[in-house]
Amino acid sequence: MARITAGVSTSHVPAIGAALDLGKSAEPYWAPVFQGYDFSKRWIAEEKPDVVFLVYNDHASAFSLDLIPTFAIGCGEEFKPADEGFGARPVPVVHGHPELAWHITQSVIQDDFDLTIVNKMDVDHGLTVPLSLMFGQPDAWPCKVIPFAVNVVQYPPPSGARCYALGKAIGKAIRSFDQDLNVQIWGTGGMSHQLQGPRAGLINQEFDNKFLDLLINDPDAAARIPHLDYVREAGSEGIELVMWLIMRGALEANVDLLHRFYHVPASNTAVGHLILKNGG
Ligand code: DHB
Ligand code: FE
């Protein structure tokens with residue numbers, strides 16, 4: 001059977017992708033950000049996951065105001081990097097795992113979560129920057145990736161509680177897949193940031209660190225945080241953090257904290273990163 005071996009969470013700032021792509025990662029501004037992922041790159045090279053189930057948000061790249069799925073699962077064979085206005089990032093095409101993705105889709109929909117099935121979409125910095133942070137700059141991504149897009153861009157976003165419950169259904173689905181696969185689940189986006197309006201630039205280190213503590217040790221309490229608290233405390237784009245609860249819901253209650261990193265700022269964003277070994 002498939003095993004969920006670990007959960008990974010990480011922020012996804014587009015400027016991090018640009019710093020890598022333009023060879024600026026050793027510059028003094030960026031070096032401390034990338035250092036936070038040195039352990040992670042070594043760790044994942046040894047873990048060699050077969051599949052990453054990657055929870056992320058699209059930023060009006062594949063979707064637009066024409067069509068806004070709350071939860072969309074990528075069931076296709078491949079997903080190309082999106083052109084976000086400056087040409088596509090020079091990163092490999094993402095290869096999916098249609099068989100596992102369809103299995104998860106069937107299981108989760110029959111558990112009463114209404115997913116949108118996507119066979120064709122381009123993936124933006126929300127998905128490619130976490131891959132770059134964890135795997136560096138390979139010619140091909142070393143594992144299959146199932147993209148799972150969550151609407152946190154157009155109001156109303158799903159609640160943290162809904163995301164946490166969905167994570168539990170996804171975990172159950174993965175564990176019932178009849179192939180011996182090493183699967184990781186990643187929750188991405190966040191941490192506190194606001195890109196617009198009079199509060200642009202908002203960062204809340206106290207909220208972020210409390211969220212990390214709760215996510216690790218008391219995820220039920222983290223799941224009870226109302227969506228307005230994210231917006232008020234972590235900024236309008238801080239709501240991206242609900243995606244981390246999908247990751248946490250798919251893991252067991254007990255986890256082993258392998259790595260925790262927090263850095264302020266990267267571009268407009270507080271960067272947070274966790275690696276949780278499933279089962280503790
Ligand atoms: C920034 C952060 C984001 O999450 C995003 O999607 C776009 C920009 C930023 O920090 O600039
Ligand atoms: Fe974002």
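For ligands, and for the atoms within them, numbers begin at 1 and follow the listed sequence. Residue numbers run from 1 in the order of the sequence given.
Looking only at N/O/S atoms, His59 comes nearest to the Fe ion (ligand 2) through NE2. Its N, O or S atom nearest to the Fe ion (ligand 2) is what matters here, and for Glu240 that atom is OE2.
With hydrogens left out, the protein atom closest to atom 10 (O) of ligand 1 is Thr269 OG1, 2.5 Å, a heavy atom. If you check which protein heavy atom lies closest to atom 5 (C) of ligand 1, you get His125 NE2, 3.5 Å.
With salt bridges taken as basic N to acidic carboxylate O contacts below 4.0 Å, none links Arg89 and Asp124. Salt bridge Asp213/Arg260: present, at least one basic N to carboxylate O contact under 4.0 Å.
In the vicinity of Asn268, heavy-atom distances shorter than 4.0 Å reach the ligand 1 atoms 9 (C), 10 (O), 11 (O). Of all atoms in ligand 1, listed by their number and element, those nearer than 4.0 Å to a heavy atom of Ser267 are 9 (C), 10 (O), 11 (O). Of all atoms in ligand 1, listed by their number and element, those nearer than 4.0 Å to a heavy atom of His193 are 2 (C), 3 (C), 4 (O).
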From CA spacing to verdict: ring pair (Phe, Tyr, Trp, His ring centres under 6.0 Å), His227, Tyr155: CA-CA 11 Å; His227 79 274; Tyr155 196 88; 5.6 Å; yes
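The CD1 atom of Ile4 sits 6.5 Å away from the CG atom of Asn278 when rounded to the nearest 0.5 Å.
Under the 30°/60° scheme for interplanar angles, the aromatic rings of His12 and His59 are found to stand perpendicular. Ring-plane geometry between Phe261 and His263 is classed as parallel, the angle between the planes falling under 30 degrees on a 0 to 90 degree scale with a further cut at 60.
Between Ile185 and the choices Thr5, Val51, Val52, Ile170, the side chain to side chain contact (heavy atoms under 4.5 Å, CB included) rule is met once, by Ile170.
The side chain of Pro14, and not its backbone, has at least one atom closer than 4.0 Å to an atom of ligand 1 (non-hydrogen atoms only; side chain from C-beta on). With a 4.0 Å heavy-atom cut-off, ligand 1 is reached by no atom of Glu237.
Distance check for His125 against the Fe ion (ligand 2): none of its N/O/S atoms falls below 2.8 Å.
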